[in-house]
Amino acid sequence: MISETFKPIVYLKENCPFCLKVRLFLLESGLASEVESRDFVSGTAGEQEIRTELLPHLDEVSFPCAQLEPGRYVTESDDIVAFFAAKAGRDPARLPVYRNYVDGVFAMSMKLWKENQELKKAVSAA
Ligand SMILES: N[C@@H](CCC(=O)N[C@@H](CS)C(=O)NCC(=O)O)C(=O)O
């Protein structure tokens, strides 16, 4: 049980690798039903609605985002996972699908993204 009085809300963008991290943790730890999930697809009216809702609460809107407690908004995927893990007494390192994603596909996509940025910079400076 995460909270008896407030159901945390997570805002997740479809196909976002950071959002998938949060989504996988919630699913594999069995916490998904204890959280309200507001999913949206990039470029839709649903996205605009969520951005309008979040804007007054954040310096910069980014995803994933979560309202962990009333008025407490967080936009860092690792902080969101850590909050739910601590509340529920679950160790993310012991969730094999989550760990495989974070250490495998997620880590690789971050590495490729950085390499791509560096290559673009080198090309434009040449
Ligand atoms: N440090 C953040 C990075 C999240 C991030 O870069 N999210 C992208 C989506 S893939 C984002 O929100 N970009 C800005 C936007 O969509 O407005 C985390 O780990 O949660």
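As the structure lists them, so they are numbered: ligands from 1, and atoms in each ligand from 1.
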message: Looking at non-hydrogen atoms alone, which of K21, E60, E47, R51 comes nearest to atom 15 (C) of ligand 1?
response: R51

field: Any donor-acceptor N or O pair under 3.5 Å, side chains Q67, Y73
entry: yes

query: Does some side-chain heavy atom of R72 sit less than 4.5 Å from a side-chain heavy atom of V74?
result: yes

message: Test ring-ring contact (aromatic ring centres under 6.0 Å, His included) on F40 and Y11; report intermediate values, then the result.
response: CA-CA 8 Å; F40 66 92; Y11 301 84; 8.5 Å; no

- request: Write out the residue and atom name of the closest protein heavy atom to atom 6 (O) of ligand 1, then the distance separating them to 0.1 Å.
  value: F18 CE1, 3.5 Å

- prompt: Of the protein's non-hydrogen atoms, which lies at the shortest distance from atom 8 (C) of ligand 1, and what is that distance?
  reply: F63 O, 3.7 Å

- line: Checking heavy atoms under 4.0 Å, the part of T75 that sits near ligand 1 is backbone

field: Audit row: R38, E53, salt bridge (charged side-chain N to carboxylate O under 4.0 Å, His left out) steps and yes/no
entry: CA-CA 12 Å; R38 301 213 186 139; E53 178 184 332; 2.7 Å; yes

message: Tell me the protein heavy atom at minimum distance from atom 1 (N) of ligand 1, and give that distance in Å.
response: E76 OE2, 2.8 Å

statement: Closest heavy-atom approach to atom 20 (O) of ligand 1 among S77, S62, C16 is made by S77

query: So, for atom 12 (O) of ligand 1, does the protein have a heavy atom nearer than 4.0 Å?
result: yes

query: Relative to ligand 1, is K13 under 4.0 angstrom through side chain, backbone, both or neither, heavy atoms considered?
result: side chain

- prompt: If you draw a 6.0 Å radius around CD in E36, do more than 12 non-hydrogen atoms from other residues or ligands fall strictly inside?
  reply: yes

- request: Start with the C-alpha distance between V10 and C65, add both sets of side-chain angles, then the distance that settles side-chain contact (heavy atoms from CB on, under 4.5 Å), and finish with yes or no.
  value: CA-CA 6 Å; V10 292; C65 178; over 6 Å; no

field: Atoms of ligand 1, numbered as shown, that sit under 4.0 Å from any heavy atom of V61
entry: 17 (O)

Any donor-acceptor N or O pair under 3.5 Å, side chains K21, S77: yes

